[in-house]
Amino acid sequence: MSPSAISIYSGMTNSGQLTETSTFSDVDFLIITTPNLPSDEGYEIAASIVILSQVLVPIGAENILVDLGEKELAIDLNFIDTGSVIFIPDEYTRSHAQMKLILASSYSVELEIYAVQYQGCELAVEPFQETFQEALNSTLTPTLQTVLPDILMTFTSIPSNFLFSIGGAEEIDRLVFGPSNTEITFNQP
Amino acid sequence: MNASTRRYKDIKLLYSSDFIPYEKVVRQRIYSNEDGAIQTPITPLIQARAVPGSAKAPRAKDFQERYTESCFFNPDNTLQESRFRNIIPYAPSDSNFLNCIIEIKQFPGVLSVSYKGETHTKNLENFL
C-alpha cells in the first residue's frame, strides 16, 4: 500500500522574502522535488519547520483553545537538502498539530513540496470487511447486533460495516476510542 | 553566491586510501551558480576518477578523506571569499596526486589552496 502525499507548495520561492508552505498535520515526512533541475542535481536551502501551537488548555473547569504562537521544531534542521527526506519526529506527528515549512532562499527556485502520510487503518480493513462482518454477526448476541452499530455511529463517523471483533468472545465488554478516526482499540478485562 | 541557497550536484569518486590497497566510492558535492555554472573546481584528473551511475554514494564513512580547500574571491560574502572542498582521490604515492593538486591550483579563479591529509580517528583495523 503506497503512502499518500499532499502538495503543500508548488511554484517559485520568494527571494528577498520568506517562503511559507500550506499548513499540514499528521505527516510523517516531507519530500521536495526540483522540476527544473536535472535528476542528479538539487538545492541546499536554509529552512525551518514551525508548529502552530493552538492547544486546549484547562482553565478553571473548561478547556479553552489557546494560541501559544508559532514555535520552531527543535530538530537539527539547518539547510534542507532537496535530495533528502525531511522527517518529522513522531512526537510532533502524534500531536496532530498544524505545521508549516519556512524557506529562506536567496534566489528564486522552483520547488514542489509534498507531505507524506500513512493512511489510517480505515483503508486497511476494507479487504477483510466481509470476513469481519461474519465474525461479528456470529459472536454478538442479537440485541448487541442491533444496538452496537448505533452506539459506534454516535461516537465516530465510521459506518457500522467497519466494525470488527477480536478473538472469539461472546460479548465485547468495553470499547475505547482514540482521538481520531484512525484509532479504535477494544479492551477486554 | 549567497549562502542561504546553494545549487549542487553529487558525483561519485573512486578514492584510494593512504592505506593501499583500500579503496572506497565516496560522495563529492559540486556546487554551482544559480544558472548552473560550476563553482567547485572539478579538474580532469578528478573527473578521471568519477564512478558512473545514478545512485548516490552513502555519506557514512569511518575516516575523513584527504581534501583541498580552494579559495575564490567573492565580493558578496562578508570575508570576501568563497571556499570549496575537493576530495583528492589519489594516494600520495600515486604520481597523479601532485598533478591533481596542481590542476586545482591552476583552475581559473582559484587564489589559494590548502590541503588536509587523510585522517583516521577510529580503529585502523579495517585498513591494515
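Below, chain A is the first sequence line, B the second, and so on; all start at residue 1. Keep in mind the model is a prediction, meaning the values are calculated, not measured.
Side chains of A:Asp40 and B:Tyr8 form no contact here, defined as non-hydrogen atoms less than 4.5 Å apart. With a 4.5 Å cut-off on side-chain heavy atoms, B:Thr5 and A:Val109 count as touching.
By the rule that hydrophobic residues join a cluster once side-chain heavy atoms approach within less than 4.5 Å of another member, A:Ile113 and A:Leu52 end up as members of separate clusters. Linking Ile, Leu, Val, Met, Phe, Trp and Tyr whenever their side-chain heavy atoms come within less than 4.5 Å leaves B:Ile87 and B:Leu14 in two separate clusters. Linking Ile, Leu, Val, Met, Phe, Trp and Tyr residues whenever their side-chain heavy atoms come within less than 4.5 Å leaves A:Ile49 and A:Tyr114 in two separate clusters.
Note that B:Arg6 lies outside the cation-pi zone of A:Tyr43, set by a 6.0 Å cut-off to the ring centre and a 45° limit from the axis.
Listed here is the closest heavy atom pair of A:Gly83 and B:Lys56: CA-NZ, 4.0 Å. The shortest heavy-atom contact between B:Ser32 and A:Glu41 is OG-OE1, 4.4 Å.
No part of A:Leu103 comes within reach of chain B, as not one of its non-hydrogen atoms sits under 4.5 angstrom from that chain. For chain B, the nearby parts of A:Thr82 are the backbone and the side chain; heavy atoms of each come within less than 4.5 Å.
Listed by first then second residue, pairs satisfying side-chain hydrogen bond (donor to acceptor under 3.5 Å, both in side chains) with a partner in residues 16-28 of chain B read B:Ser16-B:Glu23, B:Ser16-B:Arg49, B:Ser17-B:Glu118, B:Asp18-B:Arg66, not counting sequence neighbours.
Residue B:Lys9 qualifies as open at atom NZ: its count of foreign heavy atoms under 6.0 Å is 12 or below. Applying the 6.0 Å contact sphere to CD of B:Gln80 captures more than 12 heavy atoms from other residues, nucleotides or ligands. When the shell of 6.0 Å around NZ of B:Lys105 is examined, it contains more than 12 heavy atoms from other residues, nucleotides or ligands.
Separation of atoms CG (B:Asp35) and OH (A:Tyr107) is listed at 8.5 Å; rounding is to 0.5 Å.
The pair B:Arg29-A:Glu44 meets the salt-bridge criterion, since a charged nitrogen lies less than 4.0 angstrom from a carboxylate oxygen.
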